[in-house]
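What follows is a set of notes on a single structure, which appears directly below.
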Amino acid sequence: MQPWALIQRGILQDGDRPTVTKTRISGHSRQSVTQQIVRVDRKSDELPNLELQIQLADYIRQQVNQVDAVICSDYGDGTLTPIVIEAALSHSLTVVDSQKYINRYVGATIFTPNLPEAELAVGYPLGKLSGDVVDETAIHQAGKDLLALTQAQQILITRGGDGMSLFDRNGSDYHIPAFNRTDVFDVTGAGDTVVAALTLALAAGATPWEAAVLGNLAASIVVRQFGTATTTPAEMKTALNLLLEEFS
C-alpha cells in the first residue's frame, strides 16, 4: 500500500466542523522584503462528537506499533482530546508541540514549547526574544519546572533568534545558538520544521542534543524562504558542512 493511502485511512470526516483554514495577508513592494501583515483563521471551537473521538483514538492504537514515533501537534483546535492523547502517549517515543495545556500530555518523551508557551505553562516571565533582556536564570528554572510538570525525558525551549535550550531529566542542559540570525524572511512553519527534524533524528537513534541541533539546522534553512517551506537531506548536509567549517 502506498504511504498516501495509509495517511488517508487516518483522516476522519466531521460534517459538523469546518476544516481549519488560515489565510495570510502579506504586503510587498519594489525593493522590499515580503512581510506578513495579518492572518485570518476560520475554525470551530467545538469539540468533535464523542463517537468520532473514540474512532480516532482506536485508529491510533491500531497503528501505534507500526510507526517509529508519534508527534502531537496541538494548536488547540479540538482534535487532541483526552482519549486521543491517551492513545498517542501509548507510544514509547512521543513528541509534543502544544500551544497550551501541556500538562495534558504528562509522560510524553519530549516537549518543544517556544518561549511564550513555556511562560504560559510555568506561570512566570522568562524575558524577551532577541534584542531585549533575556532572563537566563528564569529559563533554566523553567526547564526544571517543565520537566517536573510534564514528567518528560527532555524539554526543548525554542527561543527564536536566541536559539534553543535543551533540558534533560538526568540534570544536564545545553544551549544551542541560532544558526541563522540574518537571512530570516518568514518564520512560518519554523517550529513545525524543528519538531519534524528532531523526531526523525530521535527515531534514527540520535541523542536528544544531536536531534535538537538538526532541528535547529532545518529551521535555519526554511526561514530563508517566504511562506511555508521545506528542506531536504541534501540541503541539510550542505548546511551542516558549512556550519562545521564555520565553527572549526
Side-chain angles (χ1 to χ4, degrees), residues 69-76 80 85 88-89 91-181 184 187 189-220 223 243 247:
V70 172
I71 298 175
C72 298
S73 182
D74 191 349
Y75 282 71
L80 288 161
I85 292 171
L89 292 181
H91 197 283
S92 59
L93 176 53
T94 49
V95 180
V96 175
D97 180 20
S98 179
Q99 292 190 353
K100 53 186 177 181
Y101 307 132
I102 67 173
N103 57 307
R104 299 197 306 158
Y105 294 89
V106 170
T109 308
I110 183 170
F111 289 72
T112 63
N114 60 26
L115 204 63
E117 292 162 358
E119 284 184 333
L120 180 64
V122 298
Y124 50 81
L126 302 179
K128 303 297 182 180
L129 290 174
S130 300
D132 294 311
V133 176
V134 177
D135 191 338
E136 296 294 344
T137 301
I139 290 175
H140 192 270
Q141 184 61 49
K144 292 183 177 180
D145 291 343
L146 287 169
L147 284 170
L149 174 67
T150 62
Q151 297 300 301
Q153 295 302 307
Q154 291 88 27
I155 295 289
L156 179 66
I157 301 177
T158 60
R159 301 167 52 186
D162 289 319
M164 303 176 173
S165 295
L166 176 66
F167 301 90
D168 197 289
R169 178 155 294 281
N170 65 16
S172 59
D173 59 85
Y174 310 91
H175 179 69
I176 303 167
F179 296 148
N180 172 24
R181 300 186 62 175
V184 179
V187 298
D192 295 321
T193 300
V194 170
V195 172
L198 171 87
T199 305
L200 283 170
L202 290 173
T207 66
W209 178 82
E210 290 169 337
V213 168
L214 290 174
N216 195 12
L217 184 67
S220 75
V223 297
L243 193 65
F247 279 94

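Basis for what follows: all heavy atoms, side chains included, without hydrogens, waters or symmetry-related copies.
Of all non-hydrogen atoms in A197 and A218, the two that sit nearest each other are CB-CB, 3.8 Å. Among all heavy-atom pairs drawn from A219 and T193, the shortest one is N-CG2, 3.8 Å. The two atoms that bring N103 and V106 nearest to each other are O-CG2, 3.1 Å, heavy atoms only. Summarising the geometry of Q99 relative to Y75, their closest heavy-atom pair is NE2-CD2, 3.2 Å, with the distance given to 0.1 Å. A pairwise comparison of heavy atoms in G161 and A178 identifies O-CB, 3.4 Å as the closest pair. Shortest non-hydrogen contact noted between V96 and A108 is CG2-CB, 3.5 Å.
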Pair T158, L115 - check side chain to side chain contact (heavy atoms under 4.5 Å, CB included), show working.
CA-CA 6 Å; T158 60; L115 204 63; over 6 Å; no

Working note: I85 + C72, criterion side chain to side chain contact (heavy atoms under 4.5 Å, CB included); need CA distance, chi angles, decisive distance, verdict.
CA-CA 8 Å; I85 292 171; C72 298; 5.8 Å; no

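Rounding to the nearest 0.5 Å gives a distance of 5.5 Å between CG of D173 and CZ of F167. Note: Q151 CD to R169 CZ = 5.0 Å, rounded to the nearest 0.5 Å. Note that CG of L126 and CD of E136 are 10.0 Å apart. Values are rounded to the nearest 0.5 Å. Interatomic distance, T109 OG1 to L202 CG, rounded to the nearest 0.5 Å: 8.5 Å. Remark: Y101 OH to L120 CG distance equals 8.0 Å, nearest 0.5 Å. We find the CZ-CE distance between F179 and M164 to be 8.0 Å, quoted to the nearest 0.5 Å.
Residues Q154 and L166 are in side-chain contact: their nearest non-hydrogen atoms beyond the backbone lie under 4.5 Å apart. In this structure, the side chains of L198 and T112 come closer than 4.5 Å at one or more pairs of heavy atoms. Counting only heavy atoms from C-beta outward, the side chains of L243 and L217 approach each other to under 4.5 Å. A 4.5 Å side-chain heavy-atom check between L147 and Q153 finds every atom pair outside the cut-off. Proximity of S98 to F111: side-chain heavy atoms (C-beta onward) are nowhere separated by under 4.5 Å. At a threshold of 4.5 Å between non-hydrogen side-chain atoms, the residues I110 and I155 do not count as touching. A heavy-atom distance below 4.5 Å is not found between the side chains of V70 and L93.
With respect to V194, the side chain to side chain contact (heavy atoms under 4.5 Å, CB included) criterion is satisfied by exactly one of N114, L156, D97, T199: L156.
A donor-acceptor pair under 3.5 Å is formed between the side chain of N216 and the backbone N or O of P177.
Under a 4.0 Å N-O distance rule, the pair R104/D74 qualifies as a salt bridge.
Considering only residues two or more places apart in sequence or on other chains, D168 meets the salt bridge (Lys or Arg N to Asp or Glu O under 4.0 Å) condition with none of them.
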